[in-house]
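What follows is a short report on a single structure.
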Amino acid sequence: MHPKKDLLPNYQAFEKYFLSLATFLNVQNSRVMSNSNNTFKDYIDSNKQRFLDELFDLIRIPSISADSQYKDEVRKAAEFLREKILAAGADKADVYETAGHPIVFGEKIVDNSLPTILVYGHYDVQPADPVELWETPPFEPTIRNDKIYARGSCDDKGQAYMHVKAFETMMQTSTLECNVKFILEGEEEIGSNNLEVFIKEYKDMLAADVVLISDTDILSNETPSITTGLRGLSYMEVEVVGPNRDLHSGMYGGAVANPLNVLCDMIASLKDENNRITIPGFYDKVVEYSDEKRAEFAKAPFSLDKYKKALDIKEVDGEKGFSTIERVGIRPSLDVNGIWGGYMGEGAKTVLPSKANAKISMRLVPNQSSDEITEMFTKHFESIAPDTVKVKVSPHHGGEAAVTPIDSTAFKAASEAFHEGWGKYPIPTMEGGSIPIVSLFDKILGLNTILFGFGLKEDAIHSPNESYGLFNFYKGIETIVLFYKHFARLSK
Ligand code: BES
Ligand code: MN
Ligand code: MN
């Protein structure tokens with residue numbers, strides 16, 4: 001055996017001691033007493049500023065997973081979180097290598113007879129572009145109107161970090177009544193492919209009673225909600241190739257097929273006059289909801305007027321026969337995410353481009369299979385190409401939709417946590433975004449997930465000027481602590 005390996009456990013023990021000491025001193029510095037008379041709320045309150053400072057340090061690391069230039073930054077964010085989990089009182093926390101960006105795993109086993117919560121989050125973020133539309137730099141967190149403005153403030157650094165601070169709070173106030181395992185990944189925004197490999201390999205290490213994730217929204221700060229459904233995804237890239245070189249659009253225009261024109265026609269034909277997707281078989285497995293169920297959805301408070309105003313649009317759009325909430329929550333969709341080709345520089349250049357490209361994504365609902373839809377799309381897109389062009393279809397990432405049960409102990413605990421913390425029971429909702437790993441936690445580990453998110457629609461995740469409310473950050477920490485409390489109680 002390599003001698004250094006023997007030293008590793010000692011080194012880790014030392015490091016753990018050192019980091020706990022660091023936290024201890026930090027806590028003393030901010031003159032906080034964590035004696036038993038203090039409740040967890042006092043602890044959060046007295047450490048408010050430090051919690052925020054730490055989150056700011058995390059946000060300042062531009063951990064953009066999609067861009068290989070930021071590879072080292074992604075790793076820095078992983079290291080940062082590993083240290084913080086350890087400092088908060090974990091038995092261990094490690095950074096695991098994968099074929100892509102690393103995964104952080106840490107745990108605190110209080111007692112094997114207690115229930116175990118597996119906390120999942122992601123520390124990678126979306127690219128910040130278009131950077132010129134940000135009011136303040138994307139990786140320099142700034143507070144305006146009681147919100148933290150920065151890339152990742154809500155999705156998902158702010159939300160994931162609430163769990164680390166909730167854990168610290170329970171450790172410091174001796175109120176942790178569940179075992180905790182943290183799994184934080186750096187590839188959520190690019191499809192979580194290596195996380196799938198990881199959870200297959202480390203099934204035993206990840207054994208738990210429930211997965212807890214804060215990476216979704218609530219309806220509003222007045223109307224708390226719990227997400228019970230997420231859509232799946234198939235993400236495609238297509239290329240349409242025409243003549244073997246760019247041509248003079250006067251000499252050839254009207255006589256040779258223009259790949260950009262053809263691509264636009266092909267994309268336009270993917271939906272009919274009712275905004276239904278025309279790919280044969282696309283709806284075959286889509287679950288149709290009963291009128292009763294739909295009436296239930298319709299009860300969720302929603303103002304179409306406010307929705308339109310917030311987006312500055314005159315009208316909404318979507319599949320005929322469904323409400324806006326349904327279009328996002330229970331119906332699939334198809335969108336062009338980007339399209340390019342030809343001349344895109346300043347001024348005008350008269351050119352008939354040789355090729356055209358587009359990125360097209362489909363959001364899927366329960367029972368639709370991402371692989372099947374990817375295949376259907378590929379076949380269909382190839383079949384509708386006219387003889388004037390060649391087409392190439394390549395899939396990017398995908399993932400399955402997820403529905404989480406609302407009759408589980410964990411869901412009850414989540415409801416009770418909101419009730420105690422917010423004075424209201426949360427409304428179950430279905431959301432349109434995707435977290436690919438949720439269905440795999442169920443399939444591979446046999447675990448249900450609670451989507452315990454605290455974001456708001458106006459937080460503008462993935463957009464310029466992403467934000468996260470200070471209220472949501474602190475209230476989220478409190479509500480997470482309450483979840484542990486109720487989950488422990490209801491699991492007895
Ligand atoms: N946190 C979001 C997903 C989300 C946001 C769900 C709000 C529900 C409400 C997540 O980080 C995300 O952006 N996921 C990607 C998935 C993908 C890249 C595979 C998405 O939905 O586009
Ligand atoms: Mn996210
Ligand atoms: Mn995201």
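Counting starts at 1 for both ligands and their atoms, following the listed order.
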* Candidate pair Glu187 and His122, rule side chain to side chain donor-acceptor pair (under 3.5 Å), full reasoning -> CA-CA 7 Å; Glu187 298 192 322; His122 63 96; over 6 Å; no
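- Of all the atoms in ligand 1, the ones that sit under 4.0 Å from a non-hydrogen atom of His397 are 18 (C), 19 (C).
- Residues Tyr96 and Tyr202 place their aromatic rings such that the two centres sit under 6.0 Å apart.
- The protein non-hydrogen atom at the shortest distance from atom 4 (C) of ligand 1 is Asp215 O, 3.7 Å.
- Look at Lys392 and Glu382 and you find no salt bridge, because none of the NZ, NE, NH1 or NH2 atoms lies under 4.0 Å from a carboxylate O.
- Residue contact check: His122 has heavy atoms under 4.0 Å from atoms 11 (O) of ligand 1.
- The protein heavy atom nearest to atom 3 (C) of ligand 1 is Ser434 O, 3.5 Å.
- The side chain of Arg363, and not its backbone, has at least one atom closer than 4.0 Å to an atom of ligand 1 (non-hydrogen atoms only; side chain from C-beta on).
- The shortest contact between atom 9 (C) of ligand 1 and any protein heavy atom is with Glu431 OE1, 3.1 Å.
- At least one N or O atom of His462, backbone or side chain, sits closer than 3.5 Å to an N or O atom of ligand 1.
- Atom CD of Glu97 has more than 12 heavy atoms from other residues, nucleotides or ligands within 6.0 Å.
- Judged as a ring-ring contact (aromatic ring centres under 6.0 Å, His included), and not counting sequence neighbours, the contacts of His396 are Tyr235.
- When ring centroids are compared, Phe322 and Tyr289 stay outside the 6.0 Å threshold.
- Within the 4.5 Å cutoff, no side-chain heavy atoms of Asp94 are placed close to those of Val104.
- Protein N, O or S atom count below 2.8 Å of the Mn ion (ligand 2): the structure gives 4.
- A donor-acceptor contact closer than 3.5 angstrom is absent between the side chains of Asn448 and Asp442.
- What you find for Asp124 and Glu189 is that their closest heavy atoms are OD2-N, 2.9 Å.
- The side chain to side chain donor-acceptor pair (under 3.5 Å) with His486 is formed by just one residue from the set Lys412, His419, Glu420, Glu416; it is Glu420.
- Taking the six-membered ring for Trp and the full ring otherwise, the centers of Phe182 and Phe167 sit less than 6.0 Å from each other.
- Polar contact check, Glu189 against ligand 1: a nitrogen or oxygen pair lies under 3.5 Å apart.
- Residue contacts with ligand 1, taken as heavy atom pairs separated by less than 4.0 Å, involve Ile461 solely via side-chain atoms from C-beta onward.
- Two rings, from Tyr120 and Phe441, have their centers less than 6.0 Å apart.
- With a 4.0 Å heavy-atom cut-off, ligand 1 is reached by no atom of Ser192.
- Using a 4.0 Å cut-off between heavy atoms, Leu230 contacts ligand 1 through its side chain alone, with no backbone atom that close.
- For Asp217, no nitrogen or oxygen atom sits less than 3.5 Å from a nitrogen or oxygen atom of ligand 1, counting backbone and side chain alike.
- Nearest protein heavy-atom neighbour of atom 11 (O) of ligand 1: Glu188 OE1, 2.7 Å.
- Atoms of ligand 1 lying under 4.0 Å from at least one heavy atom of Pro436, given by number and element, are 19 (C).
- Within the 4.5 Å cutoff, side-chain heavy atoms of His101 are placed close to those of Ile190.
- Between Thr216 and ligand 1, not a single N/O pair is under 3.5 Å apart.
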